[in-house]
Protein chains: 2
Amino acid sequence: MRTHELVLRQVEADLAAGRLRLGDRLPGERALAGQLGVSRPSVREAIRVLEAMGVVRTAVGSGPDAGAVIVAEPASPLTATLRLHLATSHLPMGDIVQTRVLLESWAVREAAGRAEPEELAAPRHLLDAMDDPELPRERFHLLDAEFHVALAALAGNVLVATIMASLRDAIHGYVVAAAADLPDWNATVDMLRQQHRAVLAAVASGEGERAAALVADHIEGFYRTARLA
Amino acid sequence: MRTHELVLRQVEADLAAGRLRLGDRLPGERALAGQLGVSRPSVREAIRVLEAMGVVRTAVGSGPDAGAVIVAEPASPLTATLRLHLATSHLPMGDIVQTRVLLESWAVREAAGRAEPEELAAPRHLLDAMDDPELPRERFHLLDAEFHVALAALAGNVLVATIMASLRDAIHGYVVAAAADLPDWNATVDMLRQQHRAVLAAVASGEGERAAALVADHIEGFYRTARLA
DNA sequence: CAGCCATGTGTGGTCAGACCACAAGGTATC
DNA sequence: GATACCTTGTGGTCTGACCACACATGGCTG
């Protein structure tokens, strides 16, 4: 067992036992090293891994926000991991698109049956913001991603929403690059806006199957148009 | 930008550009530090992160297997991340089970339509191995996990199979613990065996919907019996 | 000559100690 | 009373050293 893994194991045990909770601060690197009888570099390596997994956030300086704080950000590590493996070309874009379709279809079908009307306000505001004709493309894509994540969140499953957000983030760069080559951006945007509205309306009226079919068409259609999959 | 992030960015760029490929070795820590003009601890922190993301595997000693080698293991980092966030209780077990049901139902439905008969040999052999009445419980659980992953792999989507494997691994400890408390282990195992066979048979005969329903019942039933969700 | 064993060499793993940049909070000054 | 300064504690980085390990090489031994 390498030394930094020992530190990791200790922190994980503290988390599982409730000795460390969300918002708590880890002891300082020097203190932790002393407590566990290891050197500071080993502690630092462990903290880097925790940081990469979205379990802690580090900040320099003093005060309540400084140091290594326990957070819960499972999305960012998933994104980074997917992006890296996408870079190595061992994760086909087609599989990612297919997974998105599968997760989002399920999410809207589920959401149609359980989402309260007031929960629909968040995605609706995003759509309103996307109606702005002056919106830069980059901003449109970001709002688009947010809308899909908000939609997935309606299903009430943290894991699915997290995976969705990660998938969308990981391919964001590819989407922006591909969209730049589209022959008629304005027409594409109008179509996307209509499809978004249609999906949300189906969810609002409780038509789960219809919402699922619409969102699947929407996603597959875009990637086909952008020649990404 | 912290120093180790600079190293990470450099490696990612090399991966994306094809200068680093699967199986290649990173320069030694000292050499890499020299090339990038940073210190060895910074390089090490970056390598720890890459390792945590399943992009490299490190080994000491000499020879072709030593050093930091590029690998593609997206499953292990996902597993570790899920496990850690499960430990912080910010990822409900119910959501994981629900996600498994959703992914596996889709996978078997897909597999029923496309899997070649010879592809079914792998999961079938796992089921044969699980028929051994002398099998220790721990071993049974491992084979069970392998079977579900093999099933998911039949759908031909690397990402879905990877997520499935990670989910199963992340909760493996909880499953083993819960199964130890079951009132009648032998009856449970018999039921699981029958359900597995039924699912595989439905896939083999191309009955996608039936397979999906069976696998959903199988998973939900087990977690209900084990009082995990 | 064939096999074994000691040694060399390069690798990651670990450590100690030092210094820097930064941010908060107390303190002295105006 | 407000402001500027300084103390203090934090992570960030570097240097240099030593250890454990595993393969490669060579010589030694049978």
Side-chain angles (χ1 to χ4, degrees), chain A residues 1-12 14-15 20-71 73 76-77 80, chain B residues 1-12 14-15 20-71 73 76-77 80:
Chain A
M1 163 94 57
R2 288 127 102 200
T3 310
H4 81 271
E5 295 179 42
L6 185 148
V7 180
L8 282 175
R9 178 175 291 196
Q10 183 60 45
V11 172
E12 182 172 357
D14 285 348
L15 284 170
L20 280 177
R21 323 185 63 143
L22 197 67
D24 285 356
R25 289 175 47 183
L26 252 57
E29 297 180 354
R30 296 162 180 84
L32 199 50
Q35 287 173 26
L36 301 178
V38 303
S39 72
R40 203 179 148 209
S42 296
V43 169
R44 282 182 62 77
E45 289 183 16
I47 291 180
R48 281 294 88 74
V49 173
L50 291 172
E51 200 176 36
M53 289 182 175
V55 175
V56 307
R57 171 187 56 71
T58 63
V60 294
S62 143
D65 274 5
V69 181
I70 308 286
V71 296
E73 289 179 357
S76 40
Chain B
M1 163 96 53
R2 285 126 101 200
T3 310
H4 81 270
E5 294 180 55
L6 185 148
V7 181
L8 281 175
R9 178 174 292 197
Q10 183 60 44
V11 172
E12 182 173 357
D14 285 348
L15 283 171
L20 281 177
R21 322 184 65 141
L22 197 67
D24 286 353
R25 288 175 48 183
L26 251 56
E29 298 180 353
R30 296 164 180 82
L32 199 50
Q35 287 173 25
L36 302 179
V38 302
S39 72
R40 204 180 147 207
S42 295
V43 169
R44 283 182 62 77
E45 290 183 16
I47 290 180
R48 281 295 87 75
V49 173
L50 290 172
E51 201 176 35
M53 288 183 175
V55 174
V56 307
R57 171 187 56 71
T58 64
V60 295
S62 139
D65 274 5
V69 181
I70 307 285
V71 296
E73 289 178 358
S76 41

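Because the structure is a prediction, the values reported are computed rather than measured. Numbers restart at 1 for each chain; the letters A, B, ... are given by sequence-line order, proteins then strands.
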Enquirer: Establish whether the base of dG13(C) is bridged to the side chain of Arg48(B) by a donor-acceptor pair shorter than 3.5 Å.
Expert: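 For Arg48(B), whose side chain was compared with the base of dG13(C), there is no donor-acceptor pair (under 3.5 Å).
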
Enquirer: Could you say whether Gly61(A) or Pro41(A) is positioned toward the 5' end of DNA chain C, judged by the nucleotide with the nearest heavy atom to each?
Expert: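 Nearer the 5' end of the strand: Pro41(A).
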
Enquirer: Name the closest nucleotide to the Arg2(A) side chain, picking from dG12(C), dT14(C), dC14(D).
Expert: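 Side chain of Arg2(A) sits closest to dT14(C).
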
Enquirer: Let me know the distance between CG of Leu36(B) and C1' of dT13(D), rounded to the nearest Å.
Expert: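 It is 15 Å, rounded to the nearest whole Å.
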
Enquirer: Measure the distance from CZ on Arg44(B) to C1' on dT11(C) and round it to the nearest whole Å.
Expert: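 Roughly 11 Å, once rounded to whole Å.
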
Enquirer: To the closest 0.5 Å, what do you measure between NE2 (His4(A)) and CG (Leu8(A))?
Expert: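 If I round to the nearest 0.5 Å, the distance is 5.5 Å.
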
Enquirer: Using the closest heavy atom to pick a nucleotide of DNA chain D for each, name whichever of Arg25(A) or Val60(B) lands nearer the 5' end.
Expert: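 Its nearest nucleotide lies further toward 5', so the answer is Arg25(A).
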
Enquirer: Nearest-Å distance, CD (Glu45(A)) to P (dG12(C))?
Expert: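 These atoms are roughly 12 Å apart.
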
Enquirer: Find the distance Glu51(A):CD to dG11(D):P and express it as a whole number of Å.
Expert: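 It works out to 11 Å between those atoms.
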
Enquirer: Remember a base hit wins even if backbone is also touched, and classify Gly63(A) as base, sugar-phosphate or nothing at under 4.0 Å, heavy atoms.
Expert: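 The residue Gly63(A) makes sugar-phosphate contact but no base contact.
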
Enquirer: Could you measure the distance from the CZ atom of Arg57(B) to the CD1 atom of Ile70(B)? Nearest 0.5 Å is fine.
Expert: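 So the gap between those two atoms works out to 10.5 Å.
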
Enquirer: If you only use heavy atoms from C-beta on, which nucleotide in dT13(D), dT14(C), dG9(D) is closest to the side chain of Ser39(B)?
Expert: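 Looking only at side-chain atoms, Ser39(B) lies closest to dT13(D).
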
Enquirer: Any carboxylate oxygen within less than 4.0 angstrom of a Lys/Arg side-chain nitrogen, looking at Glu51(A) and Arg48(A)?
Expert: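 So Glu51(A) pairs with Arg48(A) through a salt bridge.
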
Enquirer: Indicate yes or no for a side-chain donor-acceptor contact from Arg30(A) to the backbone of Arg40(A) under 3.5 Å, with no hydrogens or angles considered.
Expert: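 Answer holds: no.
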
Enquirer: Just how far, in rounded Å, is P of dG12(C) from CD of Glu29(B)?
Expert: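 One finds 5 Å between P of dG12(C) and CD of Glu29(B), rounded.
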
Enquirer: Tell me which nucleotide among dC14(D), dG12(D), dG13(C) gets nearest to the side chain of Thr58(B).
Expert: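 The listed nucleotide nearest to Thr58(B)'s side chain is dG13(C).
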
Enquirer: In whole angstrom, what separates Arg40(A)'s CZ from dC20(C)'s P?
Expert: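 Interatomic distance, CZ of Arg40(A) to P of dC20(C): 14 Å.
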
Enquirer: Do Arg30(A) and dG11(D) share a donor-acceptor pair, side chain to base, under 3.5 Å?
Expert: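 Flag set: donor-acceptor pair detected.
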
Enquirer: Go nucleotide by nucleotide along DNA chain C from the 5' end; which of Pro64(A) and Val38(A) gets its closest nucleotide reached first?
Expert: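 So the residue in question is Val38(A).
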
Enquirer: Distance check needed: dC15(C) P versus His4(A) NE2, whole Å only.
Expert: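 The answer, rounded to whole Å, is 12 Å.
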
Enquirer: Does atom CZ of Arg9(B) have more than 12 heavy-atom neighbours, drawn from other residues, nucleotides or ligands, at distances under 6.0 Å?
Expert: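 No - once you tally the heavy atoms of other residues, nucleotides and ligands closer than 6.0 Å, there are 12 at most.
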
Enquirer: Would you kindly give the CD-to-C1' distance between Glu5(A) and dG12(C), to the nearest whole Å?
Expert: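 That distance rounds to 13 Å.
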
Enquirer: Tell me whether the OP1 or OP2 atom of dC15(C) has a side-chain N or O from Ser42(A) closer than 4.0 Å.
Expert: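 The answer is yes; a side-chain N or O of Ser42(A) sits under 4.0 Å from OP1 or OP2.
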
Enquirer: Choosing from dA23(C), dC15(C), dA18(C), which nucleotide comes nearest the side chain of Thr3(A)?
Expert: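 When the side chain of Thr3(A) is considered, dC15(C) is the closest of dA23(C), dC15(C), dA18(C).
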
